[in-house]
Amino acid sequence: MSSNAVADVTGRGAKATVLVVACGLVIVPFLGIVSTSLASPDQVTRAGGFVIFPTGIDLSAYRSILAGGVVTRSILISLFVTAVGTVLSITLTAMLGWALSRKGTFGNRYLLILVLISLLFSPGLIPSYLVVQQLGLLDTLWALIIPTSVTAFNVVVVRAFFVGLPNEIIDSARMDGASEWQLFRHIGVPLAKAALTVVGLFYGVGYWNSFFNALLYISDSSKWPLQLVLRTYVVDNTQLGAEDLGAAGHALPPQTSIQMAILVISIVPIVVIYPFLQRHFAKGVLTGAVKG
Amino acid sequence: MSTAPAPPRTHDTTERRPPSPPAPRRRTWWDRLKRDKFVLLLALPGMAVIITFHYYPLLGNVIAFQDYQPYLGIRESLWSGFDNFSILFNGDPDLLNALKNTLTITALQTIFVFPAPIVLALILNSLASNRLRQVVQSVLYLPHFLSWVIVVAVFQQMLGGAGLLNNYLRSSGHQALNIIGNADAFKALVTSQVIWKDTGWATILFLAVLAQIDRSLYEAASVDGASKLRQTWHITLPGMRPIIVLLFILKLGDSLSVGFEQILLQQPAVGRQASEVLDTFVYNNGVIGGAWGVAAAVGLVKGVIGLLLVLMANKVAHAFGEEGVYKA
């Protein structure tokens with residue numbers, strides 16, 4: 001027994017180390033990025049580009065990216081795509097999820113199978129591009145919205161939730177003469193609010209993060225969403241001039257500060273909705289995985 | 001199920017049963033279509049999106065057999081038989097290089113990325129304090145929700161030439177390390193990025209499985225004097241086996257797809273030799289290079305092989321008595 005006890009203690013030490021290191025690997029980079037975006041230009045220059053503990057707070061980097069130039073526009077575009085896309089996605093997903101949960105209706109099983117099979121493969125890059133091209137969506141923001149507006153996985157999650165609703169409620173409403181629309185609108189949707197919120201948040205994160213579709217379908221740089229701007233000016237390190245930023249005539253903060261401010265802006269919405277997401281996601285994901 | 005007699009619908013006045021039916025009448029499909037038209041109407045837009053963007057593009061794969069010209073379109077372009085596939089059979093060096101890189105990254109991911117969440121889930125599960133566990137989970141789940149652009153940018157800021165690590169090394173009098181632009185380090189870098197982004201998130205499933213393992217098994221084992229390690233080996237891991245096998249099969253089906261966005265974003269820093277994978281090969285040759293037919297052919301073969309891998313792995317899983325992804 002005593003050798004077991006020793007093993008347990010060293011085990012505990014090892015566990016604690018792993019967890020502390022893992023959390024540190026996530027937290028430290030964010031801390032550095034936020035700090036650098038807020039640090040004064042002097043401090044950034046002195047530190048050679050990166051600051052962990054800013055001595056004061058200087059918002060000039062944020063002022064310059066929000067001055068109405070390239071970055072501002074891309075933020076507005078991303079907000080538009082995210083808002084419109086999420087509303088569309090929730091609506092279509094709720095409707096399809098409800099329809100697929102109505103067992104015994106015409107073609108129900110076949111539709112469900114079609115949805116499930118689409119989970120197993122992706123159609124391929126080139127053919128997808130050709131379809132978007134044929135539909136005339138190239139270089140429109142709709143190319144970022146419509147192709148990803150309904151995700152089979154989310155449909156399966158929502159359907160599982162509807163299937164789990166007690167039959168008695170639906171039957172008694174039908175007894176009272178509710179039409180199928182009333183069942184959906186006044187019973188299904190309100191009861192599924194939690195599930196639809198989570199699914200909506202997932203869609204929202206997807207739209208906000210959409211990079212590859214934008215790269216593929218949007219060549220007009222005036223329609224770039226934030227992720228493409230991030231790629232060009234932060235990852236590829238293309239310099240942002242005063243004119244690009246719409247801040248001509250002002251002294252610019254160091255490029256690093258500007259880059260870190262763009263990075264922070266792209267992360268903020270995720271961090272803001274994260275607590276709401278987190279409250280439900282484990283359950284949502286598991287319903288989808290188990291019943292799918 | 002669809003042949004079962006419909007339940008009597010007392011509220012429905014327009015549709016009374018005949019006075020004395022000889023047997024419950026089966027509805028014709030037209031009747032059912034009419035009855036269910038509203039439900040079908042609800043399904044329509046969503047199904048339209050799935051069919052348009054998941055099934056209809058499959059037809060577009062025909063350009064793999066064409067000398068596809070974008071300005072002519074699929075209908076006008078000339079057929080070329082298997083010409084586009086000759087790149088596969090002639091052992092095109094760029095394609096072979098892309099295949100080699102893809103398989104290397106898959107191997108690294110299988111060895112390092114795949115077990116990471118299992119280990120992490122075991123550690124999290126053994127924490128006595130629920131509160132602590134939730135805090136750690138909250139922190140470690142977060143990177144999953146960041147886009148690859150953000151993750152790559154974060155890594156550059158940490159490990160790049162002017163990044164945090166090198167700042168520290170320089171200020172303490174060491175030589176700076178070139179990690180981001182180093183072709184030799186690329187595959188390790190890519191692997192560690194995947195670990196950073198998704199290990200926490202991937203624990204969700206494992207933790208759910210762990211929560212379902214019967215507590216009394218552990219009590220019995222500890223009465224018999226089994227150490228924590230032996231309990232893990234003989235109770236916990238066998239309990240997790242079905243889900244591990246399932247995820248492994250799914251992973252195998254993805255062997256030829258490795259972090260497309262992630263790799264494309266970092267290609268300029270290290271060059272194609274080190275970083276080209278099958279997906280970026282298709283993108284670079286098709287969309288960028290204009291060799292649409294060749295790219296589609298490579299993509300098609302890749303997709304078919306991926307599907308075959310899943311089917312085969314599933315068969316193997318059945319042979320070992322596991323449930324696999326689906327039955328039959």
Query raised in the report: What's the verdict on side chain to side chain contact (heavy atoms under 4.5 Å, CB included) for A/F184 and A/V189, showing C-alpha distance, side-chain angles and the deciding distance?
Result: CA-CA 6 Å; A/F184 171 64; A/V189 171; 3.8 Å; yes
Requested in this report: Start with the C-alpha gap between A/E180 and A/W98, add the side-chain angles, then the distance that decides, and say whether side chain to side chain contact (heavy atoms under 4.5 Å, CB included) holds.
Outcome: CA-CA 10 Å; A/E180 191 65 39; A/W98 175 263; 3.2 Å; yes
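Residues A/F212 and B/S147 form no side-chain contact, since every pair of their non-hydrogen atoms from C-beta on lies 4.5 Å or further apart.
Remark: of the listed residues B/E261, B/Q156, B/Q193, B/Q193 is the sole one forming a side chain to side chain donor-acceptor pair (under 3.5 Å) with B/Q266.
Contacts with chain A were tallied for B/I74, B/I180, B/V282; B/V282 has the most, counting heavy-atom pairs under 4.5 Å. Chain B forms the most heavy-atom pairs under 4.5 Å with one residue out of A/V20, A/V150, A/I27, and that residue is A/V150. Chosen from A/L130, A/L92, A/V28, the residue pairing most often with chain B at heavy-atom distances under 4.5 Å is A/L130. If you tally non-hydrogen atom pairs under 4.5 Å between each of A/L228, A/T256, A/I267 and chain B, the highest count goes to A/I267. When each of A/D176, A/V234, A/L25, A/I33 is checked for heavy-atom pairs under 4.5 Å with chain B, A/L25 comes out on top. Your options are A/P147, A/G124, A/A99, and the one with the most heavy-atom pairs under 4.5 Å with chain B is A/P147. Chain A forms the most heavy-atom pairs under 4.5 Å with one residue out of B/L207, B/D279, B/L140, and that residue is B/L140. Contact tally against chain B (heavy-atom pairs below 4.5 Å) for A/D236, A/V155, A/L230: the top residue is A/L230. Chain A forms more heavy-atom pairs under 4.5 Å with one residue of B/L300, B/L265, B/L59 than with any other, namely B/L265.
Within the 4.5 angstrom heavy-atom criterion, no atom of B/S257 approaches chain A. In this structure, the portion of A/V205 lying under 4.5 Å from any heavy atom of chain B is its side chain and not its backbone. Residue contact with chain A, scored on non-hydrogen atoms closer than 4.5 Å, involves the backbone and the side chain of B/L142 alike. Only the side chain of B/N167 comes within less than 4.5 Å of a heavy atom in chain A; its backbone stays farther off. Residue contact with chain B, scored on non-hydrogen atoms closer than 4.5 Å, involves the backbone and the side chain of A/L114 alike. In this structure, chain B has a heavy atom under 4.5 Å from the side chain of A/L135, while its backbone stays farther away. With a 4.5 Å cut-off on non-hydrogen atoms, A/V26 touches chain B through its backbone and its side chain both. For A/L263, the part lying under 4.5 angstrom from a heavy atom of chain B is the side chain only. Of the atoms belonging to A/I146, heavy atoms from both backbone and side chain fall under 4.5 Å from chain B. Residue contact with chain B, scored on non-hydrogen atoms closer than 4.5 Å, involves the backbone and the side chain of A/L111 alike.
Looking only at distances, no side-chain donor or acceptor of A/S101 sits under 3.5 Å from a matching main-chain atom of A/R159. Of the possible polar contacts, none joining the B/S77 side chain to the B/Q66 backbone as a donor-acceptor pair under 3.5 Å is found.
Between B/D36 and A/R102 there is no salt bridge, since no side-chain N of the basic residue sits under 4.0 Å from a carboxylate O of the acidic one.
Between B/W201 and B/F145, the ring centre distance stays below 6.0 Å.
Side-chain contact annotation: A/Y207 with A/S89, donor-acceptor N/O pair under 3.5 Å present. Side-chain contact check for B/K228 and B/S126: no donor-acceptor pair (N or O, by modelled atom type) lies under 3.5 Å.
Counting heavy atoms of neighbouring residues, nucleotides and ligands inside a 6.0 Å radius, atom CZ of B/R230 does not exceed 12 of them.
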